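Naming: A, B, ... by sequence-line order, numbering from 1 per chain. Quantities reported herein were computed from a predicted structural model and do not represent experimental measurements. We use all heavy atoms of the structure for the numbers below, so side chains are in, but hydrogens, waters and symmetry mates are not.
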2 protein chains.
Amino acid sequence: MPLPQTEAPGRLQSELMSRGLRMTHQRRTILTVVETAKQHLDAAQILRQARRLDPGIDRVTVYRTLSLLKRHGLIDELDLMHMQGEKHFYERRPQRDHIHMACLRCGKIAEFESDLFDRLKGQIQRECRFHIVVSRLEVGGYCAECRASN
Amino acid sequence: MPLPQTEAPGRLQSELMSRGLRMTHQRRTILTVVETAKQHLDAAQILRQARRLDPGIDRVTVYRTLSLLKRHGLIDELDLMHMQGEKHFYERRPQRDHIHMACLRCGKIAEFESDLFDRLKGQIQRECRFHIVVSRLEVGGYCAECRASN
DNA sequence: CTTAAGTTGAAACCCAGTTGCAATAGATTA
DNA sequence: TAATCTATTGCAACTGGGTTTCAACTTAAG
């Protein structure tokens, strides 16, 4: 389930520095891992990948960096319908929100962008007078392949 | 944040029994708590409430019953944008899906139904050929009151 | 009333994530 | 370039929601 590689690598780095945060070696490593990830990674996977670049890095630093990135709106946290226990997954925040579809049979995660989704968020903001900062739409069900092979 | 009391009490009980599951005293108690809840409860709150009706009940039984109800599609599990740590919240599955809006300032949870949401799910099913079983749309942001009082 | 299978409670366990704190290392200033 | 200030790191211990194991107990069926 490859993600669209839409932004130039290094975007997150420069984004953080411009916000006055210290750019440490560890943060650079973790940012690189998140930026170049081809699928949704959980904290343990990010740690493992980061250690291949910097063996001394600690899991605490990974957790702290992820929550920093989340607080600054640079990454999004996903649950993917809790199909893999209580793990959380992370992805670079996209320019345009998308929907995550989790197949309850094969476990595949697909993504989908939709005007209707954008319009729905607009409706919420207007009719509920609610200013949206983050949104997350996850659906669980059965993908086309799994429906066919049954 | 009262929830609409749209279904007759006892619905979950009869639903479960009709599926051939044993109706134990503990399950009846937990079902009653979930059915009569006026807001979203987490597992610990459900346990506390259940113990007021049946002091001997164990937290393991609460967890087991909640996952049973979830497996049977009778309740939905919510994260509410992880505003209260990693807790999960539960609500009786409504006839019609709704959106949860979590205010990042006051913590209030509001609900919203929308035709656009239903249409969006229809679009997903058609265009992605994905059969939806559960869906969850949570948004985090700032409610009208919190935006005003600033 | 018997019985077999489903369910419970208690204790131990698991594991993702957090906290406290001393040591370290970015960034800033001179 | 060196001194300094303060954010950040790593380690170890901890937290807490949720799970597993298994003997004892109920429920529903016969």
Under 4.0 Å between any heavy atoms, over every strand shown, what does [X] touch: base, sugar-phosphate, or nothing? Just pick one.
X       : value
A:Gly56 : sugar-phosphate
B:Arg27 : sugar-phosphate
B:Ala43 : sugar-phosphate

Whether B:His131 and A:Tyr142 hold their rings parallel, tilted or perpendicular, with breakpoints at 30° and 60°
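Because their plane-to-plane angle is under 30°, the rings of B:His131 and A:Tyr142 count as parallel.
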Closer to the 5' end of DNA chain D via nearest nucleotide, is it B:Glu86 or B:His25?
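Comparing both residues, the 5'-ward one is B:Glu86.
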Determine whether any donor atom in the side chain of [X] lies under 3.5 Å from an acceptor atom in the base of [N], or the reverse, and answer yes or no.
X       : N      : answer
B:Arg22 : C:dA5  : yes
B:Arg64 : C:dG9  : yes
B:Arg59 : D:dG18 : yes

In whole angstroms, how far is the [atom2] atom of [N] from the [atom1] atom of [X]?
X       : N      : atom1 : atom2 : answer
B:Asp79 : C:dG17 : CG    : P     : 12 Å
A:Arg28 : C:dA25 : CZ    : P     : 14 Å
A:Leu47 : D:dT9  : CG    : C1'   : 14 Å
B:Gln84 : D:dG17 : CD    : P     : 12 Å
B:Gln45 : D:dG16 : CD    : P     : 15 Å
A:Tyr90 : C:dA16 : OH    : P     : 12 Å
A:Leu80 : C:dA16 : CG    : P     : 16 Å
A:Arg71 : D:dT8  : CZ    : C1'   : 12 Å

Under the side-chain contact (heavy atoms from CB on, under 4.5 Å) rule, what do B:His82 and A:Glu77 come out as? Steps first, then yes or no, please.
CA-CA 10 Å; B:His82 303 118; A:Glu77 188 181 21; 3.6 Å; yes
Closest to the 5' end of DNA chain C, once B:Asp58 and A:Glu77 are matched to their nearest nucleotides, is B:Asp58
Find which nucleotide of DNA chain C each of A:Lys87 and B:Leu21 is nearest to by heavy atoms, and output the residue with the more 5' nucleotide.
B:Leu21
[N] OP1/OP2 closer than 4.0 Å to side-chain N/O of [X]:
X       : N      : result
A:Thr61 : D:dG10 : yes
A:Gln26 : C:dG26 : no
A:Thr24 : D:dA7  : no
A:Tyr63 : C:dG17 : yes
A:His88 : C:dA16 : no

Test side chain to side chain contact (heavy atoms under 4.5 Å, CB included) applied to B:Val34 and B:Ile75, B:Thr65, B:Leu41, B:Val62, the passing residue
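That would be B:Ile75.
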Within 45° cone and under 6.0 Å: A:Lys87 NZ/CZ vs A:Phe89 ring:
no
Minimal non-hydrogen separation, B:Ala50 against B:Ile30, with atom names:
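So the two residues come closest at CB-CG1, 4.4 Å.
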Charged N-O contact under 4.0 Å between B:Arg96 and B:Asp118:
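Yes, charged N to carboxylate O under 4.0 Å.
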